[in-house]
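Start at 1 and go down the list; that is how both ligands and their atoms are numbered. Keep in mind the model is a prediction, meaning the values are calculated, not measured. One is the number of the first residue; the rest follow in order along the sequence.
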Amino acid sequence: MKYYSTNGKAPLASLEEAVVKGLAVDKGLYMPEHIHALDWSTIADMKNRSFQEIACIVAEAFFGEDMDRNVLDEIVKDTLIFDVPVVHVNDGIYSLELFHGPTLAFKDVGARFMARMLSYFIRKEGLDKVNVLVATSGDTGGAVANGFLGVEGIHVYVLYPKGKVSYIQECQFTTLGQNITALEIDGTFDDCQSLVKSAFMDEELNRNMKLTSANSINIARFLPQSFYYFNAYAQLDRKGRADELVISVPSGNFGNLTAGLFAYKMGLPVTHFIAANNLNDVFFEYLETGEYRPRPSVPTIANAMDVGAPSNFARILDLFGKHGDAYQQICQLISGSRYVDEEIASIIRTTYLDYGYLLDPHGACGYQALVDYPLRKGETGLFLETAHPAKFKMTVDRILDSDIVIPDKLQAFMKGKKQSVKLDKDFTTFKSYLKGI
Ligand SMILES: *Cc1c(COP(=O)(O)O)cnc(C)c1O
């Protein structure tokens, strides 16, 4: 199968090219030329299958034309080493807990899958070592670093703003060693991101080394996220709650929601999607007005959703056809909601006191969007709980006046020795560092 660019001005790419490059040369995002629908009988039978089996079926539909089935199954099995349980919260609302992976964030799924697929292509083609550059404001760095840890043929450089990520988050990518190097940049997240962008555009660097990125623009990172939508459906089906499903997704760059839309296009029966936002509400505004106006992000307590120009918006438009009634189709299937920090705090408080369920600030937006939708009789609501609340311990403790327990998995990172390379935010310094590695 070939992959085209959403900007339509780049040559078609093979799966391998799309994964190794990340972004197309016209700066568009890669999309598969076809989305293979699954038979209804296959979807209905998923309630009798394990998460790994379900994921293998979905992966086969995306990548089966280009990869040997056994290799693909191995990659899927090696990716999904943890559960994603559906947990009942109240009345008709369920939480899809995506935070049981190594760094307690949903990004673990995509990061692990991409690392394994990329490594396979590197070995198959005998490519030189690939260097992954990733700028992080917190969560992405940990998931990517852990997903790629120990994976042959790849070295990861995590650029993070000095003093601006939480202690727990910093530990998740500075204590690993091996093929992971943390670069502590004396600047802001935007400085880190512009260093990465400059490196990708620097001809001299790219002549001498292979550079790629690992954020949700990469198809190998965002497509595997559709696995857990099918698995959630199977879990609800077992409970007799899979009819008239409304799915709410806390959104930042919209990779997670887009993966859900791919699942829908493959035949997953979903009645409606909701994109839950914080104060960064460009998508909400698009649904209200039909106009898309990206702008700089503003900081909130749900900071992984602080995105002012969601990169996967181009994919959503493309999925519904760029012309004509795309806007109408999108509005019919997806609604939006928006919560400010005070509302998020109050959602966390009341959900904990009334139902004993502890939400993180991102999941809180997802949960409340279902309450406010509002769900009708017969509908089941499912929100994606994208991170473990302990990852946002300071915020959650302040809101609940609590001292929540940090899971062992997180504590383990905090015991490691922090190692980082300190650099200033100047591109010349960064470039000479890269030339020296
Ligand atoms: C990355 C992230 C999001 C946003 O996901 P997108 O795919 O970028 O929309 C939401 N919540 C948490 C906890 C995250 O880490």
Would you say that Tyr233 contacts Leu236 through its side chain, given a criterion of any heavy-atom pair below 4.5 Å between the two side chains?
no
Which class fits the ring pair Phe273 and Tyr264: parallel under 30°, tilted 30 to 60°, perpendicular over 60°?
perpendicular
Is there any N or O on Ala105 that sits under 3.5 Å from an N or O of ligand 1?
no
Within ligand 1, which atoms have a heavy atom of Gly255 less than 4.0 Å away?
6 (P), 7 (O), 9 (O)
Provide, to 0.1 Å, the distance between atom 8 (O) of ligand 1 and the closest protein heavy atom, together with that atom's residue and name.
Asn253 N, 2.8 Å
Under a heavy-atom criterion of less than 4.0 Å, does Ser216 contact ligand 1?
no
Closer than 4.0 Å to some heavy atom of Ala387 - which atoms of ligand 1 meet that?
13 (C)
To which protein heavy atom is atom 2 (C) of ligand 1 closest, and what is the distance rounded to 0.1 Å?
Lys107 NZ, 2.5 Å
among protein heavy atoms, the one nearest atom 5 (O) of ligand 1 is Phe106 CZ, 3.4 Å
Both conditions, 6.0 Å and 45 degrees, for the charged tip of Lys418 above the ring of Phe173: are they met here?
no
Nearest to atom 11 (N) of ligand 1, what protein heavy atom do you find, and at what distance?
Thr386 OG1, 2.8 Å
Where ligand 1 meets Ser251 - atom numbers and elements under 4.0 angstrom, heavy-atom basis:
9 (O)
Side chains of Asn256 and Tyr228: any donor to acceptor distance under 3.5 Å?
yes
Ligand 1 to Met305, heavy atom cutoff 4.0 Å, flagged ligand atoms 10 (C)
When you compare the side chains of His36 and Glu65, does any donor N or O come within less than 3.5 Å of an acceptor on the partner?
yes
Can you label the angle between the Phe62 ring and the Phe262 ring as parallel, tilted or perpendicular, going by 30° and 60°?
perpendicular
I'd like to know whether ligand 1 has Phe222 as a neighbour, heavy-atom separation below 4.0 Å.
no
What do you reckon, is NZ of Lys164 surrounded by more than 12 foreign heavy atoms closer than 6.0 Å?
yes
Can you see whether Asp318 engages Tyr4 through a side-chain donor-acceptor pair at a distance of less than 3.5 angstrom?
yes
Ignoring angles and geometry beyond distance, decide whether Asp139 reaches within less than 3.5 Å of ligand 1 through its nitrogen or oxygen atoms.
yes
Which option out of Thr140, Asn256, Asp306 puts a heavy atom nearest to atom 7 (O) of ligand 1?
Asn256
Using only heavy-atom distances, determine whether the side chains of Ser95 and Tyr357 contain a donor-acceptor pair under 3.5 Å.
yes
Nearest non-hydrogen protein atom, atom 4 (C) of ligand 1:
Gly252 N, 3.6 Å
